[in-house]
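Presented below is the structure to which this report refers.
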Amino acid sequence: MKKGRAMDKKTYRQSVRRRMKELSRDYQEKCRREEQVTDRLFLAEEWQKADVVAVTLSMDTEFNTERIIRQALQDGKTVGVPRTFPAGQMDFYAYDSQTKLTRTSFGVLEPETDRLIRPEQIDLLIVPGVVFRDDGYRIGFGGGFYDRYLDRYQGRTISLIFTEQLNNDWQPEEYDRPVQKLLIG
């Protein structure tokens with residue numbers, strides 16, 4: 001049965017990725033919705049109280065994080081972006097406009113720096129994903145990096161998503177970790 005559930009996750013992931021590609025074709029609409037959600041993030045208590053924010057460097061069809069990173073740096077916050085390691089491990093490293101980036105074999109940009117940010121230093125972790133349930137459980141990109149990281153992270157979590165990513169027709173597995181808050185556009 002576990003194999004069937006994993007296949008279901010794969011099916012949901014593929015379906016939502018197709019919808020996200022469709023949304024990305026309407027660049028103005030995607031930008032408008034991202035702006036609405038990002039504005040709500042900036043008003044959220046979690047953002048306002050955070051000194052250290054961890055966030056991904058997004059890819060084209062994902063929720064664009066460029067404005068979030070720019071605003072965090074402008075607000076004097078420390079920004080952490082992820083770097084992945086073997087065995088599904090991930091850590092966050094300090095990022096600013098001078099940080100050199102390398103593209104991984106998955107096409108993701110990662111920082112080339114040794115300025116590690118430990119989990120307990122992060123005030124707000126903005127968690128990416130592909131599919132989300134209303135209760136905060138998520139289907140990620142398939143590597144389990146964030147679920148493993150959330151096992152050792154005790155701070156605040158938010159995901160910024162589009163309505164196209166919502167689907168309650170699947171059940172989380174024992175290793176899945178929910179986010180505390182969804183901001184939906």
Side-chain angles (χ1 to χ4, degrees), residues 4-44 46-47 53-72 79-84 88 90 92 95 101-111 124-150 156-173 175-185:
R5 284 200 315 236
M7 288 177 65
D8 286 342
K9 280 187 171 185
K10 183 178 180 181
T11 301
Y12 289 130
R13 188 182 291 121
Q14 290 171 340
S15 173
V16 169
R17 281 187 162 170
R18 278 193 300 274
R19 284 186 271 172
M20 294 305 296
K21 282 183 182 178
E22 289 171 21
L23 175 61
S24 294
R25 287 187 192 117
D26 188 345
Y27 181 75
Q28 289 181 333
E29 176 65 11
K30 182 176 184 276
C31 289
R32 183 189 67 76
R33 290 169 65 187
E34 285 170 340
E35 186 173 335
Q36 288 177 340
V37 173
T38 303
D39 287 347
R40 289 184 21 230
L41 171 67
F42 295 154
L43 295 173
E46 295 89 346
W47 174 269
V53 176
V55 62
T56 63
L57 297 168
S58 57
M59 296 176 67
D60 290 344
T61 59
E62 299 173 348
F63 193 101
N64 190 334
T65 59
E66 185 179 329
R67 180 176 172 219
I68 295 163
I69 293 168
R70 198 172 49 243
Q71 186 66 50
V79 174
V81 296
R83 192 163 79 197
T84 57
M90 176 179 77
F92 285 86
Y95 172 83
L101 300 170
T102 302
R103 192 168 302 279
T104 69
S105 59
F106 298 112
V108 176
L109 291 173
E110 293 186 345
L124 177 61
L125 176 57
I126 299 173
V127 181
V130 180
V131 183
F132 291 82
R133 288 169 37 123
D134 291 333
D135 59 6
Y137 281 96
R138 53 182 275 288
I139 297 174
F141 295 90
F145 291 97
Y146 273 86
D147 288 318
R148 285 184 195 90
Y149 194 83
L150 289 170
R156 301 235 182 227
T157 56
I158 291 180
S159 288
L160 313 175
I161 69 170
F162 299 104
T163 54
E164 289 86 347
Q165 294 176 267
L166 287 172
N167 184 316
N168 290 314
D169 294 337
W170 59 278
Q171 292 300 311
E173 297 181 21
Y175 54 81
D176 291 334
R177 300 293 174 254
V179 295
Q180 296 164 343
K181 188 176 195 176
L182 299 177
L183 295 179
I184 305 166

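FYI, side chains are in, hydrogens and waters are out, and symmetry mates aren't considered; it's all heavy atoms of this structure.
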Inset, instruction - For the pair R32 and E29, find out whether any cationic side-chain nitrogen is under 4.0 Å from an anionic carboxylate oxygen. - result: yes
Legend entry - Salt-bridge criterion met for D176 and R133 (N-O under 4.0 Å):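 Looking at R133 together with D176, the answer is no, because their closest N to O distance does not fall below 4.0 Å.
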Do you know which two heavy atoms are closest between [X] and [Y], and how far apart they sit?
{"X": "L160", "Y": "I68", "answer": "CD1-CD1, 3.2 Å"}
{"X": "V127", "Y": "F132", "answer": "O-CZ, 4.3 Å"}
{"X": "V130", "Y": "V16", "answer": "O-CG1, 3.1 Å"}
{"X": "V55", "Y": "P82", "answer": "O-CD, 3.4 Å"}
{"X": "Y149", "Y": "M90", "answer": "CD1-O, 3.3 Å"}
{"X": "F141", "Y": "P128", "answer": "CE1-CB, 4.1 Å"}

Legend entry - side chain to side chain contact (heavy atoms under 4.5 Å, CB included) evaluation trace for T56 with Y146: CA-CA 11 Å; T56 63; Y146 273 86; 2.8 Å; yes
Output the distance between atom [atom1] ([X]) and atom [atom2] ([Y]), rounded to the nearest 0.5 Å.
{"X": "K10", "Y": "I139", "atom1": "NZ", "atom2": "CD1", "result": "13.0 Å"}
{"X": "L150", "Y": "R138", "atom1": "CG", "atom2": "CZ", "result": "7.0 Å"}
{"X": "R83", "Y": "Y95", "atom1": "CZ", "atom2": "OH", "result": "14.5 Å"}
{"X": "L43", "Y": "T38", "atom1": "CG", "atom2": "OG1", "result": "11.0 Å"}
{"X": "S58", "Y": "I69", "atom1": "OG", "atom2": "CD1", "result": "7.0 Å"}

May I ask you to decide if [Y]'s main-chain N or O and [X]'s side chain share a donor-acceptor pair within less than 3.5 Å?
{"X": "N168", "Y": "D134", "result": "yes"}
{"X": "R156", "Y": "L124", "result": "no"}
{"X": "E110", "Y": "T104", "result": "no"}
{"X": "K30", "Y": "E62", "result": "yes"}
{"X": "Y12", "Y": "D169", "result": "yes"}
{"X": "R148", "Y": "G143", "result": "yes"}

Is any side-chain heavy atom of [X] closer than 4.5 Å to a side-chain heavy atom of [Y]?
{"X": "R33", "Y": "V37", "answer": "no"}
{"X": "D8", "Y": "Q171", "answer": "no"}
{"X": "R67", "Y": "F42", "answer": "yes"}
{"X": "Q165", "Y": "V131", "answer": "no"}
{"X": "R19", "Y": "F162", "answer": "no"}

Legend entry - By salt bridge (charged side-chain N to carboxylate O under 4.0 Å, His left out) - contacts of E66 (at least two apart):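 Partners of E66 by the salt bridge (charged side-chain N to carboxylate O under 4.0 Å, His left out) criterion, ordered by chain and then number, come out as R70.
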